[in-house]
Amino acid sequence: MTPPEISAEAANPSWGRGVLYRGLVALPLVAGLVTAGWIVADRDEPSAPAPVAAAATEPAVSGPSVLEASAPLRAQEPVQGAASSGGSPLQQWADSLAGPLDIPATALLGYANGELALRAEDPGCHLSWVTLAGIGEAGTDHGRREGTPMGLTTAQWKKYGTKISGITKPALTDPSSSAVAAGRALCAGAGNLTAGNGWWKAMAGYHSGSGMELFRQRVLGYAQLYATLSLDKDKAATPAVRATRFALGQLGLPYVWGGNGPDAGAAGFDCSGLTKASYESAGVSLPRTADSQFRSLPPVTEPQLGDLVFYGNPAVHIHHVGLYVGNGLMINAPTEGQAVQIHTVHIPGDDYAGAGHPA
């Protein structure tokens, strides 16, 4: 269908403000939807909208509306040891992961050296290379786009990067130097980065300003992807991973009711438009609506990377869908006025209906 007209709210999608409340980061609703519940039933269906008067009598439904403060899962750790004819263990580690993760080996070495340096300097921080890799992707795609390495400001580099043990002349353009500086900036006053609140605090302090929430969500999403693939490299070429990469690339686009994305002439997506487009990018065709996707896929008890997660009443109607990225998180297009973003999959009181696995 022709995408509906984009409202001013949809053209300027809102993000959560990173305020912790009872362990949750609330992503606020646009004012016009507060009294109607988080998502109105049938909102993802690409058909004509109901009149306003009728919508007021629609039963409210409960869906995911928060992102719990969380940190990426632990990944395969960098390997240290003496060099052999095949190179150092660390170089071999980077070479083995470069292809599956789609990260240049030189950048991976830098992220690994950042973790190893902070293990020695600040062991209580528990910095993982996947967080540094998430920052590297969110900033310059690991050096493949223009920009300041690791998104470091001049002040951060001067404070954290000018003196690094084992590096005679640290340089911002050197992957290891910039990764160590970034790690120091993240660990400064943040506490344990394996805890959700510590990781959240570190990211808020590392990158502030109007683009902070999009940056933080991109780092979280890609770091989680890298952690998963580091433990199972064979997944890298699967449709699930290709669909997940596509969905991560849509973070920040506006929710557009009936929207199928920029390639189809819309500014953004609705929930099932996002999941359909994600899997179409991987060569897998899905039905258009959340309800039809739910009924077409084999169910799974515990979702894995790339599986779809659904909300609603299976006996009556499924009204919402997201794409699982691991660690209890999903990418979804929530509702009008909201950006495509990461949410916690299941919280008390929601109407989570289960998960399905696209073939």
Side-chain angles (χ1 to χ4, degrees), residues 3 13 44 46 64 67 72 99-103 130 133-134 136-142 144-145 214-230 232-290 292-294 296-297 300 303-310 320-327 329-334 338-343 345 355-359:
D44 82 301
L67 171 57
L101 272 59
D102 190 27
I103 299 175
V130 296
E137 198 291 329
T140 65
D141 189 17
H142 315 294
R144 292 179 288 213
R145 293 193 302 262
L214 175 57
F215 180 83
R216 179 163 56 181
Q217 292 216 8
R218 285 181 63 85
V219 174
L220 178 62
Y222 278 99
Q224 184 58 52
L225 174 65
Y226 296 148
T228 300
L229 292 181
S230 75
D232 190 353
K233 294 179 287 186
D234 292 340
K235 286 184 176 180
T238 63
V241 170
R242 291 162 61 191
T244 301
R245 287 187 180 276
F246 179 93
L248 286 168
Q250 314 315 306
L251 288 171
L253 290 183
Y255 177 97
V256 176
W257 178 69
N260 295 308
D263 289 345
F269 297 91
D270 65 11
C271 66
S272 55
L274 175 63
T275 52
K276 179 176 174 61
S278 296
Y279 267 94
E280 282 185 345
S281 76
V284 177
S285 179
L286 294 178
R288 178 56 180 84
T289 67
S292 58
Q293 289 176 9
F294 174 79
S296 71
L297 300 180
V300 294
Q304 302 297 315
L305 181 75
D307 286 343
L308 302 188
V309 288
F310 297 95
H320 190 62
V321 60
L323 189 147
Y324 191 72
V325 294
N327 201 20
L329 304 173
M330 69 170 176
I331 304 168
N332 74 142
Q338 294 283 300
V340 173
Q341 58 193 277
I342 295 173
H343 274 156
V345 169
H357 178 69

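Hydrogens, waters and symmetry mates are skipped; everything else that's a heavy atom, side chains included, is used.
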Problem - Candidate pair Asp270 and Tyr255, rule side chain to side chain contact (heavy atoms under 4.5 Å, CB included), full reasoning - result: CA-CA 5 Å; Asp270 65 11; Tyr255 177 97; 3.6 Å; yes
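Sorted by first and then second residue, the salt bridge (charged side-chain N to carboxylate O under 4.0 Å, His left out) pairs involving residues 272-286 (not counting sequence neighbours) are Lys276-Glu280.
By the side-chain contact (heavy atoms from CB on, under 4.5 Å) test, Thr238 pairs with Lys235, Ala240, Val241, sequence neighbours left out. Residues satisfying the ring pair (Phe, Tyr, Trp, His ring centres under 6.0 Å) criterion with Tyr324, sequence neighbours excluded, are absent altogether. Shown here are the ring pair (Phe, Tyr, Trp, His ring centres under 6.0 Å) partners of Tyr279, two or more places apart in sequence or in another chain: there are none. In this structure Asp141 satisfies the side chain to side chain donor-acceptor pair (under 3.5 Å) test together with Arg144, sequence neighbours excluded. For the side-chain contact (heavy atoms from CB on, under 4.5 Å) test, residues two or more places apart in sequence or in another chain that qualify with Ala138 are Phe215, Arg218, Val219. Under the side chain to side chain donor-acceptor pair (under 3.5 Å) criterion, Thr275 pairs with Gln293, not counting sequence neighbours. Evaluation of the ring pair (Phe, Tyr, Trp, His ring centres under 6.0 Å) rule for Phe246 yields no partner, not counting sequence neighbours.
Scanning all heavy atoms of the two residues, the minimum distance from Ala243 to Ala282 falls at N-CB, 4.1 Å. Residues Phe269 and Ala277 share a closest heavy-atom pair of CE2-CB, 3.6 Å. Heavy atoms only, all atoms of each residue included: Ala247 and Ile331 are closest at CB-CD1, 3.7 Å. Of all non-hydrogen atoms in Ala355 and Val309, the two that sit nearest each other are CB-CG1, 4.1 Å. Heavy-atom minimum distance, Pro239 versus Val284: CB-CG2, 3.9 Å. Closest approach of Ala333 to Cys271, counting heavy atoms only: O-CB, 3.5 Å.
Between Met330 and the choices Val345, Ile342, Asp307, Val321, the side chain to side chain contact (heavy atoms under 4.5 Å, CB included) rule is met once, by Val345.
Of the inter-residue distances, the one linking Leu308 atom CG with Ser296 atom OG reads 8.5 Å to the nearest 0.5 angstrom. Between the OG1 atom of Thr244 and the CG atom of Leu305 there is a distance of 4.0 Å, given to the nearest 0.5 Å. In this structure, the separation between CD1 on Ile103 and OH on Tyr226 is 4.0 Å, given to the nearest 0.5 Å. Remark: Gln250 CD to Asn332 CG distance equals 13.5 Å, nearest 0.5 Å. Atom NE2 of residue His343 and atom NE2 of residue His320 lie 8.0 Å apart, to the nearest 0.5 angstrom. Within the model, atoms CZ of Phe294 and OG of Ser272 stand 14.5 Å from one another, a figure rounded to the nearest 0.5 Å.
At a cut-off of 3.5 Å, with distance as the only test, no side-chain donor of Ser281 or Arg242 sits close to an acceptor on the other residue.
The shortest distance between side-chain heavy atoms of Val325 and Leu225 does not fall below 4.5 Å. Between Leu274 and Leu323, every side-chain heavy-atom pair lies at or beyond the 4.5 Å cut-off. When side chains are defined from C-beta on, Leu286 counts as touching Leu297, because their heavy atoms get closer than 4.5 Å. Side-chain contact between Arg245 and Asp102: present, with at least one pair of heavy atoms (C-beta onward) separated by less than 4.5 Å.
Put simply, the side chain of Gln341 gets close to the backbone of Ala339: a donor and an acceptor are under 3.5 Å apart.
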